[in-house]
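So that the names make sense, note that chain A is the first sequence line, chain B the second, and so on, each numbered from 1.
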Protein chains: 2
Amino acid sequence: MAPDGPAAPGVGGGATGPLARRLEEYRFPEGYRRMFLSAAYAFAEKGFHGTTTRDIAARAGMSPAAMYAFFRSKEDALYQIAIAALDLTVEMLSAEGARSRRPADRLRDVVKILSIWYANNSPVASVVLHQLGALTPEHQAEVLSRKRAIDQVVRGVITDGVASGDFVICDVTAIETAIMSLCVDVARWYRAGGRRTPEAIGELNADLALRLVQPAPDPVR
Amino acid sequence: MAPDGPAAPGVGGGATGPLARRLEEYRFPEGYRRMFLSAAYAFAEKGFHGTTTRDIAARAGMSPAAMYAFFRSKEDALYQIAIAALDLTVEMLSAEGARSRRPADRLRDVVKILSIWYANNSPVASVVLHQLGALTPEHQAEVLSRKRAIDQVVRGVITDGVASGDFVICDVTAIETAIMSLCVDVARWYRAGGRRTPEAIGELNADLALRLVQPAPDPVR
DNA sequence: GTCTATACAGGGATAGAC
DNA sequence: GTCTATCCCTGTATAGAC
């Protein structure tokens, strides 16, 4: 699964995540994949402005100028990373949303997917969450529309549950925000090798999300 | 979801927050206060590495070198901002924790204080949450101990509530994390002039936090 | 596609006058 | 404490060989 031979220093665990697998599936050239992941992990660790093009190239085990064979600029690298990560997220959620089942189950699944994603990809996720101010306005707009698509999925599940009477809440937007907070904040506090696996975190957050949409005493239903 | 919007040019709104008032109370010289707030807002908007010392000075309406009259380096400015913000947070929370009342009321108050703080100071808060990697290891350690003090307050309220039987939860750490997620994520999504005031957000998050610690007998599960 | 070499700008920090 | 001037390193990006 991981590239054979002397693994590029610094790419490390990044080579095995969902994004890395996606890059392989889509037959991106090996050099591009290395550079892409180097950039993603460097941005995650030091931020966009704190990362130099030399850092990125060095992580990929290449010369300082090598990055420019794959990206037109450092900003372009950030842009491509953000788009790829968000598209993959949307895709995972859409596959889920297509199945029509009970709203509670769908909410469980959506929260699990997002939580696991933010845990397993916390470096890349934190880039998408906090580094996008460095993009050009045009690129920011493109990225924002994809973020909105993710919000829409969550909102859709909640409104469906309200419509069907499965969820009883007073303010859809507030609950949507709170549930997203539970999910995205995983990227801030999660550490690999911690007390809980990403899957366990997903289950836990799903439980908590359900508590938020099913207001307390409801003995007679 | 975009991390930074065009905040007021110059020092702008920053001059009126709790931190600004604190700087006045403690009789910091006017120049220092201006430079401190300039740096805080600049870091919040562009990140530590994305901010130049010239940016900071220009926001304060001074010459490029003026920052060095107050801070030994750019890193030192970040350090002082982080310490001041965290100390003030700890102080606000401690004043609250001193009163001995019902755990549910204390949890309400703690969550309200934190949520309002993260809303009213979302620029400074996002600095404290996401820019501290640029500190020296020594400074990081100092800052981390203060962050832990904040976590301790939240944890203390939860454990007290569990001990008294007011809260019924299975995993204190998990609930602590979730409640902190609700609070800190306010700094990511809050925009001044939005649908809710900081106070309303505080009330809302307090409600949600109470739902998380008082699991109702749930027939659906 | 990858390298070496390099141009060119930008930015952190200091010196010294006032 | 604030300014102007400046040093000098770092970092982005390009040129051109292989």
Side-chain angles (χ1 to χ4, degrees), chain A residues 3-11 23-24 26-81 127 131 133-136 139, chain B residues 10-11 23-24 26-43 45-81 127 131 133-136 139:
Chain A
D4 302 345
V11 168
L23 296 177
E24 285 182 33
Y26 279 60
R27 312 248 166 199
F28 281 93
E30 132 101 31
Y32 177 87
R33 297 203 312 260
R34 287 229 312 276
M35 202 61 80
F36 180 103
L37 293 170
S38 294
Y41 277 72
F43 291 156
E45 275 178 36
K46 306 209 165 197
F48 177 80
H49 293 292
T51 299
T52 69
T53 56
R54 287 172 165 87
D55 288 340
I56 297 170
R59 268 176 185 262
M62 288 191 260
S63 75
M67 194 198 78
Y68 293 91
F70 306 105
F71 302 106
R72 293 172 41 211
S73 66
K74 197 172 76 160
E75 191 267 353
D76 182 48
L78 176 62
Y79 169 68
Q80 293 197 34
I81 290 165
V127 171
Q131 302 298 325
L135 291 176
T136 63
H139 285 169
Chain B
V11 170
L23 295 176
E24 285 181 35
Y26 279 60
R27 311 247 166 199
F28 282 94
E30 133 101 32
Y32 177 88
R33 298 204 311 264
R34 289 228 312 274
M35 202 61 81
F36 180 104
L37 294 170
S38 294
Y41 277 70
F43 292 157
E45 274 179 38
K46 305 206 163 200
F48 177 79
H49 293 292
T51 298
T52 70
T53 57
R54 287 169 170 84
D55 289 339
I56 296 170
R59 268 177 184 262
M62 288 192 262
S63 74
M67 194 199 77
Y68 293 92
F70 306 105
F71 302 107
R72 292 173 40 215
S73 66
K74 196 172 77 163
E75 192 269 351
D76 182 49
L78 176 61
Y79 169 68
Q80 293 197 34
I81 290 164
V127 171
Q131 303 297 326
L135 292 175
T136 63
H139 285 170

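Considering only residues two or more places apart in sequence or on other chains, B/Phe70 meets the ring-ring contact (aromatic ring centres under 6.0 Å, His included) condition with none of them. Under the side-chain contact (heavy atoms from CB on, under 4.5 Å) criterion, B/Ser73 pairs with B/Glu75, B/Asp76, sequence neighbours left out. With sequence neighbours left out, the ring-ring contact (aromatic ring centres under 6.0 Å, His included) criterion links B/Phe71 to B/Tyr32. In this structure, A/Tyr68 has no side chain to side chain donor-acceptor pair (under 3.5 Å) partners at least two apart in sequence or on a different chain. Judged as a side-chain contact (heavy atoms from CB on, under 4.5 Å), and not counting sequence neighbours, the contacts of B/Ala134 are B/Phe48, B/His49, B/Leu78.
Shown here for A/Ala77 and A/Ala39, the closest heavy-atom pair between the two residues is CB-CB, 4.4 Å.
Within the nucleic acid shown, B/Ser63 comes within 4.0 Å of at least one base atom, counting heavy atoms only. Across all strands, B/Ala69 comes closer than 4.0 Å to base atoms (heavy-atom distances).
With D/dA13, D/dA5, D/dT14 as the candidates, the nucleotide lying closest to the side chain of A/Ala65 is D/dT14.
The footprint of chain B on DNA chain C, defined by a heavy-atom cutoff below 4.0 Å, extends from C/dG11 to C/dT14.
Rounding to whole angstrom units, NZ of residue B/Lys74 and C1' of D/dT10 are separated by 12 Å. With rounding to whole Å, A/Phe71 atom CZ is found 15 Å from D/dT14 atom P. Across the protein-nucleic acid pair, B/Arg54 atom CZ and D/dT6 atom C1' stand 10 Å apart, rounded to whole Å.
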